[in-house]
Number of protein chains: 2
Amino acid sequence: MSTTPPAAARRATITDVAREAGTGKTSISRYLNGEMSVLSPELRARIEAAIERLDYQPNQMARGLKRGRNRLIGMLLADLTNPYSVEVLQGVEAACHALGLMPLICHAANEVEMERRYLQLLTTYRVEGVIVNALGVREETLRPVGGGGIPAVLVDRSVEGLVADMVGLDNRAAAELGTRHLLDNGFDDIWFVVQPFEQISSRQLREAAFREVMSGEGGKGREGGPGGKGEGSRTGGKGNGDKGGARGHTLVLNLAEPAAVERALAELDRAIDAVGGSGGAVSSAADNAARSATDNATDNATDNATDNATVTAAVRAIGKPSRIALFAANAPVALCLALHLKARYGVDWQARVALLSIDDPEWAELTGVTTIRQPTYEIGYRAVEFLHERIEGVQTTARDCLLPGELIIRASTSR
Amino acid sequence: MSTTPPAAARRATITDVAREAGTGKTSISRYLNGEMSVLSPELRARIEAAIERLDYQPNQMARGLKRGRNRLIGMLLADLTNPYSVEVLQGVEAACHALGLMPLICHAANEVEMERRYLQLLTTYRVEGVIVNALGVREETLRPVGGGGIPAVLVDRSVEGLVADMVGLDNRAAAELGTRHLLDNGFDDIWFVVQPFEQISSRQLREAAFREVMSGEGGKGREGGPGGKGEGSRTGGKGNGDKGGARGHTLVLNLAEPAAVERALAELDRAIDAVGGSGGAVSSAADNAARSATDNATDNATDNATDNATVTAAVRAIGKPSRIALFAANAPVALCLALHLKARYGVDWQARVALLSIDDPEWAELTGVTTIRQPTYEIGYRAVEFLHERIEGVQTTARDCLLPGELIIRASTSR
DNA sequence: CTGTTAGCGCATTCAC
DNA sequence: GTGAATGCGCTAACAG
C-alpha cells in the first residue's frame with residue numbers, strides 16, 4: 001500500500017514526458033541539461049510537472065551513447081581485503097561524488113586473470129577512465145589503458161612500461177621514517193618483511209629505502225622521481241654502517257604460498273630465538289613452542305613448491321643481547337607476522353619482538369602495534385582528480401603524486 | 001614500441017567491422033551473439049579477422065539500450081568498512097562472474113543520503129536489479145526497488161514495508177548458539193551489546209534471541225519461518241530462568257554518537273568493576289545501572305534526540321562472584337568494546353571480561369576472541385542467484401534464505 | 001545463410 | 001523560444 005505511483009510498469013521515456021507536457025523532446029532534453037534560460041517559465045513548469053507525474057528519470061545509457069561520455073570511471077582494486085583499498089575507495093567515492101562521476105568498482109581479488117577480465121569489461125562499457133591499483137603484472141594486461149587507450153591513473157604502484165599519472169605514498173620517506181624510529185629506539189636487529197617485490201614498485205621502494213638507511217647511506221636526498229624501475233641492487237644491508245652496527249635483513253613473505261610462508265617464518269623464528277633470553281641459557285620453553293609453531297596455520301597445499309623464500313642478509317648472533325624488531329611492509333604482512341608470533345610466543349609475544357607496520361589496520365591500536373598510516377583517503381581523492389583532468393583533456397606529461405605517511409607510535413616500539 | 005595496434009584513436013564500431021569484413025552489420029552482430037551455426041565458416045573467419053585487426057570491442061551500452069538489458073546489477077553496501085561487507089562482496093562477485101552479470105558497487109558509507117542517491121543513480125543507469133544491504137531507513141528510500149520497481153534482494157536485513165527476497169544469517173540460531181556457549185562455560189552475567197536496533201531486523205532478531213535464551217525460554221523451536229517481521233515478544237530477559245540464575249542485559253552502543261558510546265561504556269565499566277574483586281563486597285554501583293534498565297528494547301519512536309543509552313534488564317548483585325561476558329552483536333561493536341577494555345584494563349583485559357562476537361574479523365584470531373562466523377561468501381553468492389532468478393522472471397512469493405553461523409571458540413571464552 | 005530496415009532513449013544541428 | 005529531423009552503436013524482425 002501507500003503512495004507508490006503506478007510507476008515502474010515500464011520506465012517513462014523522454015518521449016512520454018514530451019507528450020505528457022504537450023511539447024517536443026527537445027525541450028525536455030534542454031530542461032534536463034539545465035538550459036533553463038532558453039525555456040519559457042510556462043513551458044518549464046509544465047515539463048516539471050510532467051516529469052514529476054511520470055516519475056521520469058533520464059536513461060544514462062542512452063544519454064551516454066549519444067553524447068559520447070557516460071560519466072563512468074572504473075576503479076580496479078587488487079585486493080579489497082586489504083583495508084588500504086577500502087580507505088582509498090572512500091576518497092575515490094567522495095571525489096567522484098564531487099565531480100559527478102560514477103565509479104564502477106572492480107575487485108580483482110589478487111587474480112591477474114580477473115584483473116584482465118575486468119579491465120576489458122570496463123572498456124567494453126566505455127568508461128571514460130580508470131584508476132587502477134594493479135596487481136604485479138606488467139603492461140601486457142593494461143594494454144587497453146594508458147597512453148594509447150583510455151585515460152588511467154595508477155594508485156600505490158606504477159606499472160612497468162605504462163606511462164600514466166600515479167598517486168600513492170611517499171614510500172622512500174615512509175620506510176626511512178619507520179627504520180629511523182626503530183633505530184632511535186634502540187633496536188639493532190631489524191627485519192624488513194615484505195611480499196615478493198619484483199613486480200610491485202611500492203614494495204621495491206620501501207625495501208630499498210630500508211636497506212639504504214640500514215647501510216648508513218640514509219641521509220642522501222630523494223634521487224629522481226619515484227622511478228621504481230631499476231631497483232636491482234640486492235646488496236644485503238648487513239649493517240655495520242652507523243647506528244652502532246645495527247643489522248638489517250630483508251625477508252620475503254609470499255603470502256600466496258603457504259609453504260614459502262612457513263619457511264620464511266621459520267627463519268625468522270631462528271633469529272628471534274637467537275637473541276632470545278636476555279641472559280645466557282635461553283630457549284627451552286621456546287623449543288616446545290617452536291614445534292607447534294611452524295605447522296600452525298599455513299601448512300596446507302605446498303602449492304607449486306617454488307622458493308621465493310628468503311632474500312636475506314647474514315644472521316649472526318653477537319655477544320651482547322640485541323633487540324630485534326620486525327618492519328612489515330604492509331598490513332597483510334603485519335597480520336601474518338602477528339598471528340604467527342602470537343601462536344609461537346603466546347599473548348605476550350610483543351615482549352620478545354617489536355613490530356612496526358606500514359598501513360594502519362584497525363587491529364593495530366588494539367594490539368599496540370606502531371604503524372605508519374598512509375593518507376589513503378587523500379590518495380583516492382587525488383587519483384580521481386588527476387583522472388578527471390585527464391578526461392577533460394589535460395595533456396601534461398605523466399605526473400607522480402607522493403603523499404607523506406604518518407608515524408603512529410604505540411607500545412610495541414616505544415618500550 | 002611493441003605490438004600495440006594503432007588502436008584507440010576512436011574505438012571501432014560494428015559498422016567499421018562490417019566494412020572491414022566486407023559484409024553487413026547483422027552478421028557481425030550474430031557473430032557477437034554466438035549464433036555461429038548460422039554463419040558460413042568462410043564469413044565467420046573474415047569477421048574474426050576483422051575484429052582482431054580492429055581490436056573491436058562491442059559497446060555494451062549501445063547493446064543494452066537496444067536489447068533492454070545491460071547485464072548490470074547494483075550492489076548497495078551500507079558500510080564497506082565492515083569486513084562483513086567485503087566478504088559478502090566476494091561471493092557476489094563470484095556469482096556475477098558465473099552468471100555473466102556486472103555488479104556496480106555502491107558504498108553508502110553509513111549515510112542515508114548516499115544510499116538514496118546511489119539507488120537513484122542505479123535506476124538511472126537502468127540496472128536490471130539490485131542487491132542491497134540497507135541502512136536503517138525504511139521503505140521510503142527503497143521505493144524505486146522491490147515490488148513495483150526493479151528486482152531487489154536484501155542482504156543481512158529486511159526492510160520494513162519492502163517485500164523482496166532476503167538472504168542472511170540465521171540470527172536466532174546464531175544468537176542462541178553464542179549465548180548458550182557463554183552459559184555453558186560458566187558465565188552468569190552476560191551483556192549483549194548492540195547498535196541501535198529499532199531499524200535493523202538482524203540486530204533485533206539477535207537481541208530477541210539472546211533475551212529469550214537468557215530468560216529460559218530458550219529451548220523452544222524456531223517458530224514458523226524466519227519471518228522476521230512480527231517478532232513481538234518483548235519480555236525482558238531478566239534472567240533467573242534456568243542456568244542457575246544467570247543475568248542477561250542488553251546494552252545499546254550507538255557507534256555514530258561518541259557521547260552515547262561513552263555513556264554506555266561507562267555503564268559497562270561499572271558492571272565490570274562490580275564483579276571486579278573476586279571477593280565479597282560487591283554491587284553498589286550496580287544499583288545505579290539498574291535504574292535505567294527496564295525501559296528496554298524497541299521504544300523507537302523517540303528516534304532522534306533519544307538516549308539509546310541503555311536498554312537493559314535488571315542488574316542484580318549476588319553474593320558469589322560472578323563471571324562476566326560481553327556478547328557483541330557484530331564486529332564493529334566488538335572492536336569498539338575491545339578497544340575500550342584494553343584502554344581501561346590494560347593488555348590483559350580478557351582476564352576480566354570475556355568477549356564473544358558475531359562476525360569474525362581478522363583481529364579475532366590475533367586477540368583470541370571467540371566468534372560466530374557468518375557464511376558471508378555464500379550469502380553474497382545466494383543473493384545474486386536469487387536476484388538472477390528474479391531478473392529472469394521468477395514470480396514466487398518473497399523468499400528468505402537463512403544460513404547458519406559457525407561458532408569459533410577461542411581463548412576468550414574457553415578458559 | 002545473409003543483407004535491409006527499423007528503431008532503443010536521448011542530444012543535436014538547424015530550421016521555424 | 002521551440003520543435004522536427006538525424007544518428008550514436010547495436011539488435012531484431014523481415015525479407016532475399
Side-chain angles (χ1 to χ4, degrees), chain A residues 8-48 50-51 54-72 123-128 150, chain B residues 8-48 50-51 54-72 100 121 123-128 150:
Chain A
R10 201 201 77 237
R11 298 249 57 136
T13 78
I14 198 175
T15 307
D16 298 325
V17 180
R19 187 170 355 85
E20 180 78 13
T23 179
K25 311 196 296 185
T26 311
S27 297
I28 309 299
S29 175
R30 289 196 174 113
Y31 175 87
L32 260 31
N33 294 311
E35 299 174 36
M36 302 307 193
S37 55
V38 203
L39 295 175
S40 66
E42 196 274 330
L43 209 204
R44 178 171 159 182
R46 266 158 48 211
I47 294 179
E48 220 147 54
I51 286 181
L54 272 48
D55 186 29
Y56 169 71
Q57 291 186 244
N59 182 328
Q60 291 295 355
M61 296 306 184
R63 177 181 289 211
L65 182 59
K66 183 69 200 163
R67 185 188 276 165
R69 48 180 356 202
N70 52 201
R71 311 280 61 195
L72 253 32
T123 76
T124 253
Y125 275 104
R126 296 294 188 274
V127 294
E128 298 183 40
I150 67 181
Chain B
R10 202 202 73 238
R11 299 249 57 137
T13 79
I14 197 175
T15 306
D16 298 325
V17 181
R19 186 171 354 88
E20 179 78 14
T23 178
K25 312 196 297 186
T26 308
S27 296
I28 310 298
S29 176
R30 288 194 175 114
Y31 175 87
L32 259 32
N33 293 310
E35 300 174 35
M36 301 308 194
S37 55
V38 203
L39 295 176
S40 66
E42 196 274 329
L43 209 204
R44 178 171 159 182
R46 266 156 52 209
I47 294 180
E48 219 147 56
I51 287 182
L54 273 48
D55 188 28
Y56 169 71
Q57 292 187 243
N59 182 326
Q60 293 294 357
M61 296 307 184
R63 178 182 289 212
L65 181 58
K66 181 69 200 162
R67 185 188 276 166
R69 49 177 0 200
N70 52 203
R71 312 280 59 196
L72 251 33
L121 201 55
T123 76
T124 251
Y125 275 104
R126 297 293 188 277
V127 295
E128 297 182 42
I150 67 183

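Computed from a predicted structure; not experimentally measured. Labels below follow one simple rule: chain letters A, B, ... track the order of the sequence lines, proteins then strands, and each chain is numbered from 1. Computed from heavy atoms alone, side chains included, the values below leave out hydrogens, waters and symmetry copies.
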Novice: Kindly write out the residues that satisfy salt bridge (Lys or Arg N to Asp or Glu O under 4.0 Å) with B/Arg46, not counting sequence neighbours, or none if the list is empty.
Specialist: B/Glu42
Novice: Could you tell me the separation between the CZ atom of B/Arg44 and the C1' atom of C/dG3, rounded to a whole number of Å?
Specialist: 20 Å
Novice: Considering residues at least two apart in sequence or located in another chain, which fulfil the side-chain hydrogen bond (donor to acceptor under 3.5 Å, both in side chains) criterion with A/Arg71?
Specialist: A/Glu128
Novice: Kindly calculate the angle separating the two end axes of the helix from C/dC1-D/dG16 to C/dC16-D/dG1, each obtained from five base pairs, and round it to 10 degrees.
Specialist: 40°
Novice: Applying side chain to side chain contact (heavy atoms under 4.5 Å, CB included), can you list everything that pairs with B/Thr15, at least two apart in sequence or on another chain?
Specialist: B/Thr13, B/Lys25
Novice: For nucleotides 9-16 of chain C, give me one character per nucleotide, 5' to 3': B if any protein heavy atom sits under 4.0 Å from the base, S if the only such contacts are to the sugar-phosphate, - if neither.
Specialist: BBBB-B--
Novice: Test of understanding: with side-chain hydrogen bond (donor to acceptor under 3.5 Å, both in side chains), list the residues that count as partners of A/Arg44, not counting sequence neighbours.
Specialist: none
Novice: Name every donor-acceptor pair, under 3.5 Å, that has one atom in a side chain of residues 58-67 of chain A and the other anywhere in the protein, sequence neighbours excluded.
Specialist:
from    : atom 1 : to      : atom 2 : distance (Å)
A/Asn59 : OD1    : A/Met61 : N      : 2.7
A/Asn59 : OD1    : A/Ala62 : N      : 3.1
A/Arg67 : NH2    : A/Asn33 : OD1    : 2.9

Novice: Residues in salt bridge (Lys or Arg N to Asp or Glu O under 4.0 Å) with A/Glu20, at least two apart?
Specialist: A/Arg53
Novice: Does the side chain of A/Val17 come within less than 4.5 Å of A/Tyr31's, by heavy atoms?
Specialist: no
Novice: My understanding is that only residues two or more places apart in sequence, or in another chain, count here; which of them pass side-chain hydrogen bond (donor to acceptor under 3.5 Å, both in side chains) with A/Tyr56?
Specialist: none
Novice: What are the 5'-most and 3'-most nucleotides of DNA chain D lying under 4.0 Å from any heavy atom of chain B?
Specialist: D/dG9 to D/dC14
Novice: In Å and rounded to the nearest 0.5 Å, what is the CG to CG distance from A/Leu72 to B/Leu72?
Specialist: 8.0 Å
Novice: Output all residues satisfying side-chain hydrogen bond (donor to acceptor under 3.5 Å, both in side chains) with A/Thr124, sequence neighbours left out; order by chain, then residue number.
Specialist: none
